Amino acid sequence: MSDPVRVRFAPSPTGLLHIGGARTAIYNWAFARSQGGTFVLRIDDTDRERSTDENTASILQAMRWLGLDWDEGPDAGGDVGPYFQTQRGDLYTHALELLKDKGQAYPCFCSAEELDARRQAAMASATFSGYDRTCRSVSREQADARIMAGEPHVWRVRVPENRGDVVIDDVIRGEVTWPAESMDDFILVRTDATPTYMFATVVDDWKMGITHIIRGDDHLSNTPRQIAVYEALGAPVPLFAHMGLIFGADGKRLSKRHGATSVVAYAEQGYLSEALLNYLALLGWSIDDATTVFDRERLVSEFDLTRVSKTPAVWDPEKLDWMNGVYIRAMSPSQLVDAMTPWLEAENLASAEDIQARRPWFDALAPLISERVKRMDEIVPMVRFLFDESVEIDEASRSKVLEKDGAGSALDAAAEGFAALEDFDAEHIEATLRAVPEATGVKAKIAFQAVRVAVTGTMVSPPLFESLELLGKQASLARIAAARPLASD
RNA sequence: GGCCCGUUCGUCUAGCGGCCUAGGACACCGCCCUCUCAAGGCGGAGGCACGGGUUCGAACCCCGUACGGGCUACCA
């Protein structure tokens with residue numbers, strides 16, 4: 001048996017939960033769950049300028065919405081906390097002390113300006129552009145004296161001279177090698193004594209016992225530097241898994257230019273969390289050659305880190321829409337009514353109490369719309385005619401339907417037939433309408449569309465007979481009467 | 001400039017040397033169904049970046065080239 005799996009997701013609360021971050025979280029979560037491991041959530045809030053509590057709260061909420069639960073982290077606790085980097089200052093201080101004692105870190109007094117100049121020169125001409133290790137040769141005594149004198153300095157890692165090429169066996173990409181000469185004595189602790197990202201994450205991942213680091217391949221090039229820190233610390237090096245990023249249609253990294261990029265934005269647009277989870281999981285991973293739709297349980301039972309794609313994936317809103325439609329159609333009428341309740345409430349079409357009181361009516365409405373919408377926000381416009389007092393008939397519908405010859409006669413015949421109905425249900429309504437063409441000589445298409453426009457206000461609506469039933473006899477007749485003056489005979 | 005990674009239909013992908021006449025899904029096109037719109041059914045078009053090897057045999061292995069991406073920060 002191998003060691004118990006411990007993975008983490010470590011978002012920075014400098015913004016909302018991004019869909020790229022969400023996918024990273026999903027893969028970490030699915031891997032932990034599939035391995036019976038532990039999923040840790042850590043908030044990397046070292047960027048104090050841009051990090052906010054609101055963002056943290058929103059990220060946690062978005063993760064819960066997606067159904068991603070964490071075993072350790074904010075609100076969950078755990079033995080290796082705190083789970084906010086800003087509260088872990090002591091750990092970084094101790095780690096640096098450890099490195100100093102071992103001679104694995106040294107102070108560097110080079111100014112940022114000097115470094116800049118040297119880097120420019122190196123990049124223009126030669127090969128390697130990393131730090132030239134000037135301050136490595138400063139003796140311990142000299143260094144101590146300069147520090148005592150208050151000279152500004154950073155702390156750099158001392159990469160061993162005899163360190164050979166760095167090789168990792170990436171779970172997703174296989175063996176990756178970096179030449180020893182490319183190893184840089186990069187900065188661990190800044191002039192202001194705060195740790196750099198490179199140092200803080202390694203200390204955290206080490207102290208938190210993380211066994212697998214699953215992240216975007218934008219971090220692949222950072223890996224050898226982080227390995228240098230693990231080795232300096234004498235810490236076990238975890239396994240790495242670098243996945244391809246998510247791009248926009250233009251092949252560039254996904255950003256605001258490409259539309260909504262946050263999970264909450266998708267929730268607000270009416271995407272179901274199950275659908276977004278499924279779509280995101282499938283963007284860079286697959287079960288087999290045929291499975292596209294799968295639920296959370298299947299994701300966990302089938303998840304295989306080695307099957308995650310190396311290739312960047314292009315975000316495809318159309319496929320997301322299709323998949324969301326699949327999930328909407330898969331809901332029972334009752335489930336759909338529950339899901340659409342907040343949307344109806346938000347637009348003041350009905351309150352939750354109304355809906356409960358007239359549950360059978362809403363349950364009957366659900367199937368009429370479920371196969372006609374891809375997003376929840378499309379429901380209100382589609383059913384509004386059932387809730388408003390009256391409808392406004394748009395110009396196109398009037399000219400293209402009501403002004404057709406015979407439209408008026410059809411409305412008259414329909415009204416007459418409806419008025420005579422005792423049971424105003426879809427079946428009788430259909431029979432009545434189907435009799436109209438014969439009685440009036442008006443084409444069925446024209447007759448049906450005339451009634452549709454009169455009752456719904458538009459040429460496109462849910463199925464007519466059922467819609468009329470749900471509207472009720474009185475309202476239906478009133479709308480036909482109201483539209484009649486607009487219609488040609 | 002240096003180092004690293006990647007490249008299968010428009011898009012997401014299956015493929016891990018013979019099962020490939022390259023499979024599935026979205027999108028697209030056509031037909032069917034049909035009270036509009038959908039949903040659904042059936043069918044179609046569409047791809048191994050390029051060039052060299054290796055092999056009896058290559059989408060799969062190797063080497064180049066091209067293109068794309070990442071890192072090269074006292075950002076994360």
Side-chain angles (χ1 to χ4, degrees), chain A residues 10-12 14 44 46-47 49-50 85 108 110-112 115-116 119 122-131 152-156 166 170 173 176-179 181-184 186-198 200-201 216-225 242 244-245 247 249 251-253 279 282-293 307 309-323 325-326 329 368-374 382 397 401 430 433-434 444-445 447-449 451-453 456 458-467:
Chain A
S12 292
T14 53
D44 283 7
T46 47
D47 185 343
E49 313 271 280
R50 297 187 297 147
Q85 283 190 325
C108 169
C110 300
S111 73
L115 294 172
D116 239 29
R119 188 180 309 117
M123 255 166 125
S125 60
T127 51
F128 182 56
S129 60
Y131 180 57
H153 61 283
V154 299
W155 287 88
R156 291 182 180 274
V166 179
D170 192 280
R173 324 184 92 82
V176 183
T177 305
W178 290 268
E181 315 85 74
S182 71
M183 295 298 285
D184 187 15
F186 66 96
I187 295 171
L188 302 173
V189 174
R190 305 182 184 103
T191 308
D192 66 2
T194 60
T196 58
Y197 157 81
M198 212 67 79
T201 39
D217 73 6
D218 49 336
H219 286 289
L220 183 59
S221 300
N222 290 149
T223 306
R225 283 195 293 271
H242 290 96
L245 263 26
F247 285 0
K252 299 279 195 284
R253 285 176 70 162
Y279 176 72
L282 202 61
L283 207 56
W285 176 73
S286 62
I287 292 177
D288 53 33
D289 63 349
T291 309
T292 308
V293 178
R307 287 183 63 85
S309 172
K310 299 186 253 286
T311 319
V314 174
W315 181 256
D316 181 1
E318 289 184 323
K319 189 158 185 176
L320 206 214
D321 280 352
W322 165 80
M323 187 165 283
V326 168
R329 272 171 257 135
L368 304 188
I369 53 177
S370 71
E371 62 191 30
R372 263 165 268 268
V373 296
K374 288 185 157 57
M382 189 172 287
S397 299
V401 176
E430 176 169 6
L433 279 176
R434 291 210 184 278
K445 287 257 186 211
F448 281 49
Q449 282 299 76
V451 175
R452 187 188 310 282
V453 166
T456 70
T458 63
M459 292 180 284
V460 175
S461 80
L464 187 56
F465 318 134
E466 289 80 357
S467 293

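Scope of the values below: all heavy atoms of this structure, side chains included, with no hydrogens, waters or symmetry mates. Because the structure is a prediction, the values reported are computed rather than measured. Below, chains carry the letters A, B, ... as their sequence lines are ordered, and counting in each starts from 1.
- The shortest side-chain heavy-atom distance between A:Glu430 and A:Pro463 does not fall under the 4.5 Å cut-off.
- If you look at A:Tyr279 and A:Trp315, their ring centroids are closer than 6.0 Å.
- Checking B:C74, B:A14, B:C3 against every side-chain atom of A:Leu115, the shortest atom distance belongs to B:C74.
- Considering only residues two or more places apart in sequence or on other chains, A:Thr201 meets the side chain to side chain donor-acceptor pair (under 3.5 Å) condition with none of them.
- Using N1 to N3 plus N6-O4 or O6-N4 for Watson-Crick, or N1-O2 and O6-N3 for G-U wobble, each under 3.5 Å, B:C37 pairs with nothing.
- The side chain of A:Asp316 lies closest to B:U11, out of B:U11, B:A76, B:A14.
- No N or O donor and acceptor, one from the side chain of A:Arg173 and one from the base of B:C5, sit under 3.5 Å apart.
- For A:Thr191 and B:C74, the shortest distance from a side-chain N or O to OP1 or OP2 is not below 4.0 Å.
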**Report entry** Letter per nucleotide, 5' to 3', of nucleotides 42-48 of chain B [B base touched, S only sugar-phosphate touched, - untouched; heavy atoms, 4.0 Å]
**Finding:** -------
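- B:C9 and B:G46 have their P atoms separated by 14 Å, with the value rounded to a whole Å.
- With B:G70, B:G23, B:A27 as the candidates, the nucleotide lying closest to the side chain of A:Asp289 is B:G23.
- Within the model, atoms CG of A:Leu245 and CZ of A:Arg253 stand 5.0 Å from one another, a figure rounded to the nearest 0.5 Å.
- B:C48 and B:C32 have their C1' atoms separated by 35 Å, with the value rounded to a whole Å.
- Spacing between B:G64 and B:C56 at atom C1', rounded to whole Å, works out to 26 Å.
- Residue A:Tyr279 is out of contact with every strand shown, counting any heavy-atom pair closer than 4.0 Å.
- Residues A:Val154 and A:Thr196 have side chains not in contact (no heavy-atom distance under 4.5 Å, counting atoms from C-beta outward).
- Counting atom types as modelled, A:Ser221 pairs no side-chain N or O with a base atom of B:C3 as donor and acceptor under 3.5 Å.
- Among the nucleotides B:G24, B:C71, B:C3, the one closest to any side-chain atom of A:Arg225 is B:C71.
- In a base pair of the Watson-Crick type (N1 to N3 plus N6-O4 or O6-N4) or a G-U wobble (N1-O2 and O6-N3), with each distance short of 3.5 Å, B:G68 is matched with B:C5.
- The gap from the P atom of B:U13 to that of B:C19 amounts to 24 Å, rounded to the nearest Å.
- Comparing the same atom, C1', in B:G41 and in B:C50 gives a spacing of 42 Å after rounding to whole Å.
- Between A:Lys445 and the phosphate of B:U36, there is a side-chain N or O to OP1/OP2 separation shorter than 4.0 Å.
- With a cut-off of 3.5 Å on both pairing distances, B:A45 has no Watson-Crick or G-U wobble partner at all.
- Among B:C12, B:A76, B:C35, the nucleotide with an atom closest to any side-chain atom of A:Met198 is B:A76.
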N/O-N/O pairs, protein side and nucleotides 37-41 of chain B side, under 3.5 Å:
residue	atom	partner	partner atom	Å
B:C37	O2	A:Arg372	NH1	3.1
B:C37	N3	A:Arg372	NH1	2.4
B:A38	O2'	A:Glu371	O	2.3
B:A38	N1	A:Glu371	OE2	3.3
B:A38	N3	A:Glu371	OE2	3.3
B:A39	OP1	A:Lys374	NZ	3.1
B:A39	O4'	A:Glu371	O	3.3
B:A39	O3'	A:Arg329	NH1	3.2
B:G40	OP1	A:Arg329	NH1	3.2

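- Residue A:Tyr197 places its side chain closer to B:A76 than to any other of B:C71, B:A76, B:U13.
- With a 4.5 Å cut-off on side-chain heavy atoms, A:Leu368 and A:Met382 do not count as touching.
- A:Trp155 pairs by the ring-ring contact (aromatic ring centres under 6.0 Å, His included) definition with A:His153, not counting sequence neighbours.
- B:C56 is paired with B:G18 under the criterion used here, namely a Watson-Crick or G-U wobble arrangement in which both key atom distances are under 3.5 Å.
- Not a single ring-ring contact (aromatic ring centres under 6.0 Å, His included) links A:Trp178 to another residue, sequence neighbours left out.
- One finds a side-chain N or O of A:Arg119 lying less than 4.0 angstrom from the OP1 or OP2 phosphate oxygen of B:A73.
- Checked against side chain to side chain donor-acceptor pair (under 3.5 Å), A:Arg156 has no partners two or more places apart in sequence or in another chain.
- For B:A49 and B:G10, the C1' atoms lie 16 Å apart once the distance is rounded to whole Å.
- For A:Val154, the listed nucleotide lying nearest its side chain is B:C74; candidates were B:C74, B:C12, B:A14.
- Rounded to the nearest 0.5 angstrom, A:Arg329 CZ and A:Lys374 NZ are separated by 6.0 Å.
- Pair assignment for B:C26 gives B:G10, based on Watson-Crick or G-U wobble hydrogen-bonding distances that are each under 3.5 Å.
- Between B:C67 and B:U54, the distance separating the two P atoms is 28 Å to the nearest Å.
- Relative to the side chain of A:Arg253, the nucleotides B:A27, B:G70, B:A76 differ in distance, and B:G70 lies closest.
- Contact annotation: A:Lys252 reaches the phosphate of B:G69 (side-chain N/O to OP1 or OP2, under 4.0 Å).
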